[in-house]
Protein chains: 2
Amino acid sequence: MAKTSENPYVVQPVMKALRVLELVARHGHEIALTAVSKELRIPKTTTFRYLQTLSAAGFLDHNRATDRYTLGPQMRSIARADASVSKIRGLARPAMTELMHEFNETVNLAVKGNGTIVYIDLIEANRSLRMQARIGDSHPMHSTALGKAILAFLPEAERQRQLDLPLTERTGRTLLEREEIERQLRQVARTGYATEMGENEDGAMCIGAPILDEHGYPVAALSISAPLMRMPHSLAAKAGARLREIAAGISARLGSQPAIAPR
Amino acid sequence: MAKTSENPYVVQPVMKALRVLELVARHGHEIALTAVSKELRIPKTTTFRYLQTLSAAGFLDHNRATDRYTLGPQMRSIARADASVSKIRGLARPAMTELMHEFNETVNLAVKGNGTIVYIDLIEANRSLRMQARIGDSHPMHSTALGKAILAFLPEAERQRQLDLPLTERTGRTLLEREEIERQLRQVARTGYATEMGENEDGAMCIGAPILDEHGYPVAALSISAPLMRMPHSLAAKAGARLREIAAGISARLGSQPAIAPR
DNA sequence: ACACGGGTTTCGTGTTGCGGAATTCGATAG
DNA sequence: CTATCGAATTCCGCAACACGAAACCCGTGT
């Protein structure tokens, strides 16, 4: 077999299992062990083990009734998440660049993770003083403008569930009282953007607006972050309005209906 | 390690590699070897091999410039194909049941594979005499009504490429001359449905209409199949018209613009 | 120049994946 | 009810090969 010649670091079991995964996935319908084994010329026993492993990991689904295999939830879930993220990133990027130039501050894009927000893109201002998140970082919902923007537009039940979790204290100014947080979230829902002042990182502030999908669900948020000293109230209000506007534009392109329908 | 206790047939390298795949995929952005290794508590060397293998298989993408990994084309392609198939199947199913009752013959749904059509669903008529395809089977394009319906609506270049391949002879009546096939395809393009009489299976016939996606590309086709003796010309014409109508309905729900725009 | 962090390569070890064969299971038939 | 076939599981002994520590390489920052 000349298969190994390519890359000395490929682990054969993994490679073969991936071929099984691909075959099953592309088959488009339930397929049985023997069929896979014959098609790929991998002995039945080995194929069996791969199918078991792939199923155990959720990448395949084993229908016990028919003893056949299909694409599993894990694959679908990963694909969905990825498609959603890249769609949002793609839609947001031009607007983010524009925003960055407009205010000459760093612009961030984050999606809602499980109880956190995860940065998926950011465009850095060309300034010496800046404290940045990195793409892939997670931050708590309640201590960031990005998170507060999302929280404010979450369905009531889910928001309550989020706020019931223990709230970590990132800085001395991090909001921890339920009352105060809820008051702010109502405010965010009214104005359409959230503000955070030194609650996540000392000396830094952030203004964020939510991005809603076609169901009106806040899947992501857009923000501008700056050192506290560089962002006076008047400028913050202007930035908030601008963020709201741009985020709404992205939401619209995700299929979200604006509050007041045009046409 | 209590990990193995579950299922004695899981092969560890595969399982661990899948955890790597999942982590990278869910990270939503480029991630480096060391980060993966630390996160999953898998030694650097091993993680390295998995990342190499996953990349070699196309499930991950290795950015040589930054030495980081992202979700690869293979995953996206599989996900796309799967989403498309299940969407079409879901949209078509009710109409297929209806059609089956209307004509009391088997109704088939197939997607375009690579040079073939692949059955992704079928509803069988409750009759004793029937010769069926099975879900997952592939048949040549040129010998089936499903395939001819798709061929007729393919972009010129791709159709030519298909017809340049050697054409297998399924029965004595299978069309093999380029001239005759192209004549028929023009006819199909005009009438909106394709007919096949004993060209794929002796004694069986089939009538098919294409399902077009939002770009007008024929991603799938719908058909009614019956023994030759049970489907006289007059009935076939009626079935063709009905198939065209129903397939167009499904196409519309896939976002395809009808030939004559309404509104 | 040096240390450091991250990626790649080497290499000897023994784990563990492999696959042939035996077994069970279930459906169909006689 | 027994036979038979085809498919999925289980068993088992062997050695291939995955493993991971450590060495190495290379670019960066100090």
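Below, read A as the first sequence line, B as the second, and so on, with proteins coming before strands; counting in each chain starts at 1. It should be emphasised that the depicted structure is a prediction, and the values quoted were computed from it without experimental measurement. Below, all heavy atoms of this structure are taken into account, side chains as well, without hydrogens, waters or symmetry copies.
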Q) Expressed in angstrom and rounded to an integer, what is the separation of A:Phe48 atom CZ from C:dC18 atom P? A) 14 Å
Q. Should A:Arg230 and A:Glu105 count as an ion pair when the cut-off is N to O under 4.0 Å?
A. yes
(Q) Could you tell me how far apart A:Leu51 (CG) and C:dC18 (P) are, to the nearest whole angstrom? (A) 13 Å
**Q.** Residues B:Asp67 and B:His62: side-chain donor-acceptor under 3.5 angstrom
**A.** yes
Q: Kindly point out which of C:dG6, C:dG17, C:dG19 is positioned nearest to the side chain of B:Lys38?
A: C:dG6
(Q) With nearest nucleotide decided by heavy atoms, which residue, B:Gln52 or A:Thr46, maps closer to the 5′ end of DNA chain C? (A) B:Gln52
Q: With the side chain of A:Thr34 defined as its heavy atoms from C-beta on, choose the nearest nucleotide among D:dA18, C:dC18, D:dA7.
A: D:dA7
Q: Take the protein atom CZ of A:Arg49 and the nucleotide atom P of D:dA8, then report the distance between them rounded to whole Å.
A: 15 Å
**Q.** Along DNA chain D (nearest heavy atom to each residue), the more 5'-positioned of A:Ala35 and B:Ile42
**A.** A:Ala35
**Q.** Donor-acceptor pair (no angle test) under 3.5 Å: A:Thr45 side chain, C:dG20 base
**A.** yes
Q) Rounded to whole angstrom units, what separation is found between the CG atom of A:Asn7 and the P atom of D:dA18? A) 12 Å
Q.
Let's see if you can work this out: which of D:dA8, D:dT9, C:dG19 has an atom nearest to the side-chain heavy atoms of A:Pro43?
A. C:dG19
Q.
Measure CG/B:Leu33 against P/D:dG20 and give the value in whole Å, please.
A. 14 Å
Q.
Whether B:Lys44 contacts D:dA21 is assessed here as follows: a side-chain N or O lying under 4.0 Å from the phosphate OP1 or OP2. Is that the case?
A. no
Q) Would you say the side chain of B:Arg68 and the base of C:dG7 hold a donor-acceptor pair, judged only by whether the two atoms sit under 3.5 Å apart? A) no
Q | Interatomic distance where CE belongs to A:Met15 and P belongs to D:dC17 [whole Å] | A | 15 Å
(Q) By nearest heavy atom, map A:Val11 and A:Thr66 onto DNA chain D; which one lands nearer the 5' end? (A) A:Thr66
Q. Nearest-Å distance, CZ (B:Arg64) to P (D:dG27)?
A. 14 Å
Q.
Please tell me if B:Gln12 has a side-chain N or O lying less than 4.0 Å from either OP1 or OP2 of C:dG17.
A. yes
Q: Indicate whether the side chain of B:Ser143 and that of B:Glu196 have a donor and an acceptor atom separated by less than 3.5 Å.
A: no
Q | Gap between atoms CG and P, on A:Asp67 and C:dT24 respectively (whole Å) | A | 18 Å
Q. Taking OP1 and OP2 of D:dT9, is either one under 4.0 Å from a side-chain nitrogen or oxygen of B:Tyr9?
A. no
Q: Determine, for B:Glu199 against B:Arg170, whether the closest basic-nitrogen to carboxylate-oxygen distance falls under 4.0 angstrom.
A: no
(Q) Using a strict threshold of under 4.0 Å (side-chain N to carboxylate O), is an ion pair present between A:Arg93 and A:Glu98? (A) no
